[in-house]
Amino acid sequence: MRRRIRRLSTLILLAQVAILSASLLIGFVLFAVTARANLTSDYQDRAADIAQTFAEMPAVQNCLSSGGSVCDDDVQQLATATEKRTGAAYVVVIDMDRVRHSHPNPALIGKKVSEDVVARDGKVHRATDVGSTGTTANARVPVFEGATDTVIGEVSVGIRESSVAAELLGQLPIYATWIVLAFAIGTAVSFGLAALLKRRTFGLELDEIARLLQEREATLHGIREGVIAIDPAGRITVVNDEAQRLLNLPEGARGRRLDDVLVASPIRDALTGTTEVKDAIAVTDAGVLVLNRMPVTLAGRPHGAVLTLQDRTEVTGLTQELDGERSFAESIRAQQHEFSNRMHAVAGLLELGRTDEALQYLDEIRGTSADLDRTLRTHVGAPMIVGLLLGKAAEANERGIDLVIAPETDLGSAPDRLQALVTILGNLIDNAFDALADSPAPRRVTVAIAETPEALTVRVADNGPGVPDDSVPRIFESGYTTKRGSRFLSAGAATKGARHSGLGLSLVHSTASRLGGTVTVASDDGAAFTVVIPRSGGRPDPGSSRSARSTTESPTQGGSR
């Protein structure tokens, strides 16, 4: 029984039936009281009509005018006949001396009434009278002398209340029938409403709905993914804390259109579209996001969409560092392989007794790779940056590009913003390598890193075709590339290191913007990107200032970026 009562449909039905019963009962009582009052008023009017007619009889007027008692028998006979004909309880005639000239009880004829003659003012008086004949609907009408306005007595007529109650009881069954019919219709409608609400709530009970709501709120605000639900009109119906943080949504975003709370950007275009989006990568000032948009359709009708966002900033940063370490390892492997080949060549020359040529070959080797190593160790103190540049130098060598470390490069062993520097430097060099892919030899990439007490400056230039003027305003947009147009890159392509993804420069721009820096581009004999990042705290790091012992650019052997 307790479980049945807890059912939503049963609770709704019982509540509706209780409200309907109370309303109908109160209405029926109020109607009965009102009908009783109306019937009493109607019977008082009937009594007044009877009394008015009786008072206008000449026999009554003459009797009261004479002031004698010889006419009492005639008046009594008229009163008795009127009572029988109209159903009145009594017809009493009283003169101005308060003497009765008729009464249902003949013994009271000729006796005075205790109360005053109320009709002496010439008006009709209606009331409920409680007298010797019981409770009656009473009316008292003045009796005038002939055609004059002189009041010579009054006629009091009463109709028993039992007659009023009997008529009311005769009418109540009809109204009770309508009340029962209204109750039956209301109960049926309540049952239908309860069944409809049951279907609309998918058969869930109240405690189940409350539990689902609690679980939903706990899940939405507990997961580390951003979740947004929008209705078919584009209004936000659900948004959790992570989504507000990732998209920097204002307070009170729920209930507003997504177009109104997001600035114009590729992210907004992806989230507010109508198509399905899977694992799209977008770059914002806050970091790198993975976007998913799933339209929701129920019964063939669109019901909005569900959007999810994942923060990939830390993963992207770690990927950049891993790429640097991998590049360094590949550089060591390539150098080991090259070193083995060179040793074989030197050994062969020595076995042939051609020592002069062997010495010349060793001098040539020392003047290329050794020169790059010496330049890096002289100008760059951070091991991670040295490893990154050595790896890029090996990649440049394989692609037929000269990687040049500018003489103004000066970086300490513990530079500020190291992780950001790896991201910026790696992406700019990769972007320069891609720009030179279709350029004729000689192909060159120049890297300059300068660290001062105020800022960290990175400059990467190439002698490629440069950046088209119409592309300059958009090159830092996520997904935009001059190679394949503007688009979002899938997560799978990003992990494979796909070129021309349109993501590298966007990462550079977002990283610099997040740290309060700037990115500029110039197209003069190629493209030159300059990134300036202010130092945190404005104080130089220990060992950040290194003396430049090399004053010339040092190209790698066939190096490229």
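Position 1 is the first residue of the sequence; numbering continues from there. Values reported hereafter were calculated over all heavy atoms of this structure, with side chains retained and with hydrogens, waters and symmetry mates removed.
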Could you give the distance from [atom1] ([X]) to [atom2] ([Y]), rounded to the nearest 0.5 Å?
| X | Y | atom1 | atom2 | result |
| --- | --- | --- | --- | --- |
| I405 | T446 | CD1 | OG1 | 9.0 Å |
| T457 | I449 | OG1 | CD1 | 10.5 Å |
| I236 | L307 | CD1 | CG | 8.5 Å |
| I230 | R293 | CD1 | CZ | 5.0 Å |
| T423 | L388 | OG1 | CG | 10.0 Å |
| D434 | I429 | CG | CD1 | 12.0 Å |

Any side-chain heavy atom of [X] sitting closer than 4.5 Å to one from [Y]?
| X | Y | value |
| --- | --- | --- |
| D430 | E395 | yes |
| L403 | V447 | yes |
| I533 | T511 | no |
| T237 | I228 | no |
| N431 | V460 | no |
| V531 | L425 | no |

Shortest non-hydrogen contact between [X] and [Y], atoms and distance:
| X | Y | result |
| --- | --- | --- |
| A358 | L350 | CB-CD2, 4.0 Å |
| P468 | G466 | CD-O, 3.8 Å |
| S439 | P465 | OG-CD, 3.5 Å |
| A406 | A448 | CB-CB, 3.7 Å |
| R535 | A455 | CG-N, 3.5 Å |

Next item on the list: Let me see the working for F529 and L505 under side-chain contact (heavy atoms from CB on, under 4.5 Å), right down to the final yes or no.
Entry: CA-CA 10 Å; F529 290 86; L505 291 180; 4.0 Å; yes
Just by distance, do the side chain of [X] and the backbone of [Y] share a donor-acceptor pair under 3.5 Å?
| X | Y | answer |
| --- | --- | --- |
| E451 | G412 | yes |
| T530 | R459 | no |
| R256 | R235 | no |
| H379 | T409 | yes |
| N463 | P442 | yes |
| N427 | V508 | no |

Check: Taking only residues two or more places apart in sequence, or in another chain, which ones meet S523 in a side chain to side chain contact (heavy atoms under 4.5 Å, CB included)?
Finding: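 If we apply the side chain to side chain contact (heavy atoms under 4.5 Å, CB included) test to S523, skipping adjacent residues, the hits are V467.
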Notebook entry, point to check: Can R443 and D462 be counted as an ion pair, charged N to O under 4.0 angstrom?
Noted result: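 A salt bridge is absent here (no side-chain N lies under 4.0 Å from a carboxylate O).
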